[in-house]
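What follows is a single structure, written as structure tokens, with notes after it.
Treat the numbers as computed from the prediction; the structure is a model and nothing was measured. Labels below follow one simple rule: chain letters A, B, ... track the order of the sequence lines, proteins then strands, and each chain is numbered from 1.
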Amino acid sequence: MKAYDHKKIEKKWQNIWEKKGIYNAKNNSPQPKYYSLIEFPYPSGAGLHIGHPRSYTGMDIVSRKRRMEGYNVLYPIGWDAFGLPTENYAIKTGKDPRIVTKKNTDTFRKQLKSIGFSFDWSREINTTDPKYYKWTQWIFLQFFKKGLAYKAKININWCPKDKTGLANEEVIGGCCERCGTKVEKREKEQWMLAITKYAERLDKDLDDVDYLPQIKLAQRNWIGKSEGAEIEFKIKHNPSLTLPEGEGEMPRFFTTNPELWKVLQDRVLEMRKNPTNGEKIMWDLLRRNTTEYHFRRQHIVDRFIADFICVEKKLIVEVDGDIHDYKKAEDKERTKILNQLGFEIVRFSNDEIIKNREDIFQSIILKLNSISSEALSFGEGLGGVKVFTTRPDTIFGATYLVLAPEHELITNLKSQITNFNEVEKYIKEVKNKTEIERTSDDKVKTGVEIKGVKAINPANKEEIPIWIADYVLATYGTGAIMAVPADDARDKEFAEKFKLPIVKDYKKADFEDFGKKITRFKLRDWVFSRQRYWGEPIPVVHCEKCGIVPVLEKDLPVELPKVKNYQPTDSGESPLANISKWVNTKCPKCKGKAKRETDTMPNWAGSSWYYLRYTDPKNSKEFASKKNLKYWLTSNFSLSFGEGQGGVDWYNGGNEHTTLHLLYSRFWHKFLFDQGLVPTSEPYKKRTSHGMILGEGGVKMSKSIGNVINPDEIVKTYGADTLRVYEMFMGPFNQSVAWSTESIIGSRRFIEKVWRIGERVLKQKNFSVPDLKPVKNSEDGRFQSKIGGMSQNSSLVKILNKTIKKVEEDIEGMYFNTAISSMMILATEMEKTENVQIEDYKKFLQILSPFAPHVTEELWNTLGEKKSIHLSSWPKWDENLIKDEKIKIVVQINGKVRAEIMIRVEENEETIKQKALMNEAILKYLAGKDAKKVIYVKNRLINIVV
RNA sequence: GCCCAGGUGGCGGAAUUGGUAGACGCGAUAGACUCAAAAUCUAUUGAUGGCAACAUCAUGAGAGUUCGAUUCUCUCCCUGGGCACCA
């Protein structure tokens with residue numbers, strides 16, 4: 001046997017495996033399936049990072065173990081190749097991103113193959129392949145058809161120098177990542193996906209999946225479900241406002257502000273003196289009615305004079321003279337404003353009143369009866385404002401309201417607000433604030449009181465001031481809060497700054513007493529547009545006549561055309577906008593002139609469904625056949641699509657993707673499930689994550705620090721098996737660990753040791769008949785005889801069986817480091833033991849094979865096995881061989897270890913205690929003292945308390 | 001500020017229904033083999049004191065519960081990651 005030459009061995013077996021296709025998954029096999037998944041890489045120009053193999057080896061070990069357990073395993077790979085780095089490279093160099101991507105994926109493929117992952121390469125996919133993104137576009141159209149993809153004007157990050165919209169991740173500290181210019185906010189129309197429609201299910205269904213607890217928590221925090229109450233606060237005029245002296249008396253039912261009242265009052269008096277015929281009749285009717293309803297005439301509401309009004313019911317009765325035929329539009333506007341303030345309006349002409357006075361009166365009474373009693377509480381006439389709170393119990397402590405500057409109430413109350421100029425100025429200031437200023441660390445609270453109006457706290461009926469401030473967000477809740485400065489740090493800070501009252505031992509309220517229970521989410525709809533070149537074109541056209549029209553499914557994919565320049569246009573559109581030949585097209589509906597959408601999709605799109613494509617990567621008729629989806633996601637052909645259980649069996653990936661990618665793909669999957677297109681309601685049954693590999697010394701690996709490790713170099717010098725074992729051994733799989741080239745040697749030595757044992761085992765096999773020489777049992781020093789060449793219950797067999805069990809369990813829990821540690825112990829033991837049985841050695845090779853697939857395959861083959869070790873059956877451990885009949889227990893005095901004794905497992909507690917108390921060393925310590933208490937922990941220790 | 005994960009020898013890390021702290025590996029020291037080196041093997045390797053047997057101290061800090069705490073409780077400090085005024 002030759003010396004261990006990793007270069008030869010690894011190349012040799014990689015070729016054989018590929019030629020035989022031993023890792024190719026079989027569709028619809030009667031075998032049970034197992035679908036294990038890693039996040040497909042972005043093929044960057046820098047080549048494979050040393051961190052990639054960590055995650056891939058972890059799942060490779062799981063996949064290989066599953067194959068040995070008899071599963072038909074799908075462990076696929078592909079490329080998530082759309083995205084910014086390639087596009088930026090294209091902008092800089094003018095090279096076609098297609099060519100760059102091809103070059104990068106070629107490098108990545110070669111590198112991954114050199115590490116010996118058991119990927120099914122026949123299912124390789126690429127998100128930038130038109131045959132793939134045809135289906136990304138197709139899924140988008142399904143969203144569009146269900147109304148879940150829509151266009152909306154939203155604020156985006158805008159770089160005024162580059163004249164382009166920026167993704168959040170391109171904004172570093174409020175500045176453009178590329179040119180360093182301060183980023184502005186700009187309103188633009190964007191495509192949105194309505195993920196918020198799924199917020200409740202995305203949160204709730206986490207109960208049923210097997211994700212690491214921290215992953216579930218991160219998802220839940222991101223979705224941000226909170227339960228609270230919506231409470232309405234009535235608004236009224238500030239009663240402290242009085243008219244200037246000598247200007248008359250304040251009316252009892254004041255429904256406008258004093259300035260307007262002053263202006264309009266004369267006109268009111270004049271109108272009362274000179275009623276029209278219709279008005280006269282109406283006033284007689286309403287005044288003399290015998291019902292409980294009380295009417296007033298010519299009453300000022302907001303900026304208008306209402307003819308007749310029942311203030312308690314907020315009903316206005318208008319009597320229109322001939323002149324009203326000419327000002328219908330004005331009346332309409334007036335009605336709209338009054339409706340917003342909560343008034344209902346009925347309108348009659350002079351003629352109608354003269355002819356049908358009794359009928360009209362009856363209809364007014366009926367109308368009044370139909371208005372709910374809630375309106376009766378009205379006495380001031382300005383409606384209310386709804387606030388959202390998770391702490392309705394603190395309502396007695398609410399001493400003021402705060403509205404977001406964007407709140408609609410501010411324009412609605414315009415005529416009531418006495419300091420509108422000041423308010424408007426503040427709103428403008430807030431709008432001009434950049435993102436950095438609004439989110440800066442000091443975050444000084446600003447705000448303005450809305451003067452002229454007050455809110456009524458429904459709990460204690462107290463009048464409280466209303467403020468606007470930008471610490472209240474328009475996009476969350478109702479855009480308005482009740483401030484409880486005694487209880488909330490932010491409200492307290494605000495109240496202290498603006499000298500607002502803080503009430504400390506307020507009464508707790510019951511949850512249901514005010515307002516109604518309501519659920520809110522932090523999650524926002526997904527901004528799905530990018531003004532970029534290197535992404536999937538959004539497959540719709542804009543028609544002059546028909547508006548937004550989806551591209552016909554038969555015309556998919558809408559292929560990304562070649563362009564000369566990858567820079568976005570001056571107006572911030574994608575470079576696609578410059579290709580008029582591509583942009584100008586026909587409307588699929590009316591065949592008239594139309595323009596193509598030039599926005600592209602974000603690179604989250606292709607990765608939201610890629611695991612589905614792996615089940616049927618070459619299908620040109622569907623994104624994947626139902627048959628394959630059923631098999632790979634549920635292992636059940638007869639299952640109807642509505643049943644919902646299953647998904648990818650095990651998905652491992654980075655912590656950086658536990659919110660966005662995971663949430664997005666769960667959202668797409670649930671949508672497809674609702675359309676009957678996938679058989680399960682969740683994409684992934686189980687999700688784990690791996691930690692990062694940092695540079696030596698625990699800092700980030702980066703070109704600028706110069707601590708980047710090239711995996712090719714490691715594979716060349718130490719071999720793929722050593723790299724794999726080292727990356728699994730270096731620390732806990734889910735934690736970040738610092739790379740140490742110095743330490744790799746330990747993993748290499750371990751493999752060489754396994755090789756040396758193999759050499760010896762092979763020699764025995766070839767040159768000697770299994771002999772009957774006794775083998776020394778290292779544990780108790782006795783010699784054990786062997787029967788028929790097999791050593792029975794030797795210490796080695798015991799360790800072997802224990803190790804099989806441990807490795808088996810550790811792989812399932814991803815405790816790869818301790819699995820390797822236990823195999824190192826086994827190897828050391830085997831090397832010490834003479835006459836290692838070939839069958840025992842082979843079992844060792846088998847449990848090591850998922851970690852070090854090449855060297856174990858070579859040794860397995862050398863020992864005469866024809867079939868691949870990776871297709872062999874996972875060895876079974878024997879409980880009886882693991883059991884100890886004698887064990888060592890520790891004797892403590894007052895918790896300190898003073899002696900060790902050997903006991904037989906069947907000995908009873910009393911005997912063992914006696915043994916401990918009679919122990920020589922213990923007697924010495926106990927001299928002259930009484931044992932107060934003797935504690936026995938089974939198979940562990942005895943503690944004597946003195 | 002909030003949330004999450006961590007803090008154990010010179011270094012990476014073991015040890016969880018509370019039960020021998022430091023498995024395994026790297027590094028270091030000494031020895032065997034060798035003309036020599038490399039490789040390999042063997043031994044030692046938390047700190048302090050002691051010739052030694054051995055003793056004492058030690059898992060970020062401090063308290064508590066317990067016969068017994070790296071593990072449980074409380075308070076605090078530090079490192080890494082995420083969120084960022086979400087009512």
Checklist entry - Which parts of residues 806-823 of chain A get close to RNA chain B, meaning a heavy atom less than 4.0 angstrom away? => result A:N817, A:T818, A:S821
Checklist entry - In residues 732-744 of chain A, what residues come within less than 4.0 Å of RNA chain B, judged by heavy atoms? => result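 Those residues are A:P732, A:V737, A:E742, A:S743.
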Would you indicate which nucleotide in [options] comes nearest to any side-chain atom of [X]?
X: A:F729; options: B:C83, B:A87, B:G25; value: B:G25
X: A:I935; options: B:G25, B:G19, B:C85; value: B:G19
X: A:N221; options: B:A87, B:A5, B:C3; value: B:C3
X: A:R749; options: B:C26, B:C54, B:G19; value: B:C26

Do NZ/NE/NH1/NH2 and the carboxylate oxygens of [X] and [Y] come within less than 4.0 Å?
X: A:E829; Y: A:K753; answer: no
X: A:K913; Y: A:E909; answer: yes
X: A:R391; Y: A:D393; answer: yes

Quick one: [X] [atom1] to [N] [atom2], roughly how many Å, whole number?
X: A:I468; N: B:A87; atom1: CD1; atom2: P; value: 22 Å
X: A:E493; N: B:G1; atom1: CD; atom2: P; value: 13 Å
X: A:M692; N: B:U79; atom1: CE; atom2: P; value: 17 Å
X: A:L941; N: B:C67; atom1: CG; atom2: C1'; value: 10 Å
X: A:M824; N: B:C41; atom1: CE; atom2: C1'; value: 17 Å
X: A:R898; N: B:A53; atom1: CZ; atom2: P; value: 16 Å

What protein N or O atoms touch nucleotides 68-72 of chain B N or O atoms at under 3.5 angstrom, if any, and at what distances?
none

Checklist entry - Given pairs defined as Watson-Crick or G-U wobble with both distances under 3.5 Å, what dot-bracket annotation applies to RNA chain B, with ( ) intrastrand, [ ] crossing, | other strand and . unpaired? => result (((((((..(((......[....)))((((((.......))))))((((....))))..(((((..]....))))))))))))....
Can you tell me which residue pairs pass the salt bridge (Lys or Arg N to Asp or Glu O under 4.0 Å) test with a partner in [range], sequence neighbours excluded?
range: residues 726-749 of chain A; answer: A:R748-A:E752
range: residues 937-946 of chain A; answer: none
range: residues 807-827 of chain A; answer: A:K65-A:E812, A:R66-A:E812, A:K805-A:E809, A:K806-A:D810

Checklist entry - When you check the phosphate oxygens OP1 and OP2 of B:C41, does a side-chain N or O of A:R756 lie under 4.0 Å from one of them? => result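 Yes.
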Item to check | Residue-phosphate contact under 4.0 Å: A:K896 side-chain N/O, B:C57 OP1/OP2 | outcome: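 It does, given that an N or O in the side chain of A:K896 lies less than 4.0 Å from OP1 or OP2 of B:C57.
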Checklist entry - Looking at residues at least two apart in the chain, or sitting in another chain, which of them share a ring pair (Phe, Tyr, Trp, His ring centres under 6.0 Å) with A:Y841? => result none
Checklist entry - Taking atom types as they are modelled, is there a donor-acceptor pair under 3.5 Å from the base of B:C67 to the side chain of A:K932? => result no
Checklist entry - Residues in salt bridge (charged side-chain N to carboxylate O under 4.0 Å, His left out) with A:K497, at least two apart? => result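 Here no residue qualifies.
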Set out, line by line, the N/O atom pairs under 3.5 Å between protein and nucleotides 43-49 of chain B.
none

Next on the checklist: For A:Y400 and A:D491, which I'm curious about, is there any donor-acceptor pair between the side chains at under 3.5 Å?
Outcome noted: no
Checklist entry - Please, which pairs that meet ring-ring contact (aromatic ring centres under 6.0 Å, His included) have at least one residue in residues 810-831 of chain A, sequence neighbours excluded? => result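 Sorted result for residues 810-831 of chain A: A:F733-A:F816.
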Checklist entry - Touch check for A:V890, heavy atoms < 4.0 angstrom, all strands: base, sugar-phosphate only, or nothing? => result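 Result for A:V890 = base.
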Checklist entry - Looking for any heavy atom pair under 4.0 Å, which part of the strands does A:T658 touch: base, sugar-phosphate only, or nothing? => result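 Counting heavy atoms under 4.0 Å across all strands, no contact is made by A:T658.
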For residues 888-902 of chain A, which side-chain donor-acceptor pairs fall under 3.5 Å, sequence neighbours excluded?
from, atom 1, to, atom 2, distance (Å)
A:N894, OD1, A:V946, N, 3.1

